[in-house]
Amino acid sequence: MTATSNQHSDCLFCSIATGKIDADIVKQNDDVIAFRDINPQAEMHVLVVPKRHFGDVVHVAKAEPELLAQLVTFADEVASELADGQFRFIFNCGPNAGQSVFHVHGHVLGGQRLGWTPA
Ligand code: 5GP
Ligand code: ZN
């Protein structure tokens, strides 16, 4: 399967992954793209996204654990390149947990001393 197969035409992050919609891209390879969140919640707020469509991180973990590992590595690289290498990595799973885009994405937050108000 190629990196951009399995796209959903009505999915915002599929459209960013294929270049149909612009984003402030900070890093990408064949499988993963990282771009700045449009509504940043920290000095550094980047979304790390597989280019292929998965609904949430649980689907990635079950179907392709090595891709999940790649997302974590990507987050680490983004945090080192844009900030001091320290970061929080959040996956919201389901609307009650705050998920609003149903194409898996990890929020990489850092670049400052972070607070902790998780709920
Ligand atoms: P969720 O709420 O699903 O965990 O996170 C979705 C994130 O996507 C939010 O933080 C939101 O600000 C971000 N977002 C929504 N639409 C866009 C967009 O068009 N471009 C970018 N770069 N980020 C977006
Ligand atoms: Zn998608």
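Treat the numbers as computed from the prediction; the structure is a model and nothing was measured. Counting starts at 1 for both ligands and their atoms, following the listed order.
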(request) Would you kindly say whether Q28 and K51 are connected by a side-chain donor-acceptor distance under 3.5 Å? (result) yes
(request) Around the Zn ion (ligand 2), list the protein N/O/S atoms within a radius below 2.8 Å, excluding water molecules. (result) C11 SG, C14 SG, H53 ND1, H103 ND1
(request) Would you please indicate yes or no on a ring centroid separation below 6.0 angstrom for H103 and H105? (result) no
(message) Tell me if the centroids of the rings in F13 and F35 come within less than 6.0 Å of each other.
(response) yes
(message) Exactly one of V26, I25, T18 should register a side chain to side chain contact (heavy atoms under 4.5 Å, CB included) with I33. Which one does?
(response) I25
Quick one: closest heavy-atom pair of [X] and [Y], and the distance?
| X | Y | result |
| --- | --- | --- |
| L68 | A61 | CD2-CB, 3.7 Å |
| F87 | A79 | CD2-CB, 3.5 Å |
| A75 | V108 | CB-CG2, 3.7 Å |

(request) Could you tell me how the ring of H53 sits relative to the ring of H8: parallel (under 30°), tilted (30 to 60°) or perpendicular (over 60°)? (result) parallel
Between the protein and ligand 1, which nitrogen or oxygen pairs come in under 3.5 Å, and how far apart is each?
| unit_1 | atom_1 | unit_2 | atom_2 | d |
| --- | --- | --- | --- | --- |
| ligand 1 | 2 (O) | G98 | O | 2.7 |
| ligand 1 | 2 (O) | S100 | N | 3.3 |
| ligand 1 | 2 (O) | S100 | OG | 2.9 |
| ligand 1 | 3 (O) | S100 | N | 2.7 |
| ligand 1 | 3 (O) | S100 | OG | 3.3 |
| ligand 1 | 3 (O) | V101 | N | 3.0 |
| ligand 1 | 3 (O) | H105 | NE2 | 2.9 |
| ligand 1 | 4 (O) | N92 | ND2 | 2.8 |
| ligand 1 | 4 (O) | H105 | NE2 | 3.1 |
| ligand 1 | 4 (O) | H107 | NE2 | 2.8 |
| ligand 1 | 5 (O) | H105 | NE2 | 2.9 |
| ligand 1 | 5 (O) | H107 | NE2 | 3.2 |
| ligand 1 | 10 (O) | D37 | OD1 | 3.3 |
| ligand 1 | 10 (O) | D37 | OD2 | 2.5 |
| ligand 1 | 12 (O) | D37 | OD1 | 2.6 |
| ligand 1 | 22 (N) | R36 | O | 2.9 |
| ligand 1 | 23 (N) | I38 | N | 3.3 |

(request) Taking Q112 for its side chain and E43 for its backbone only, find out whether a donor-acceptor pair lies under 3.5 Å. (result) yes
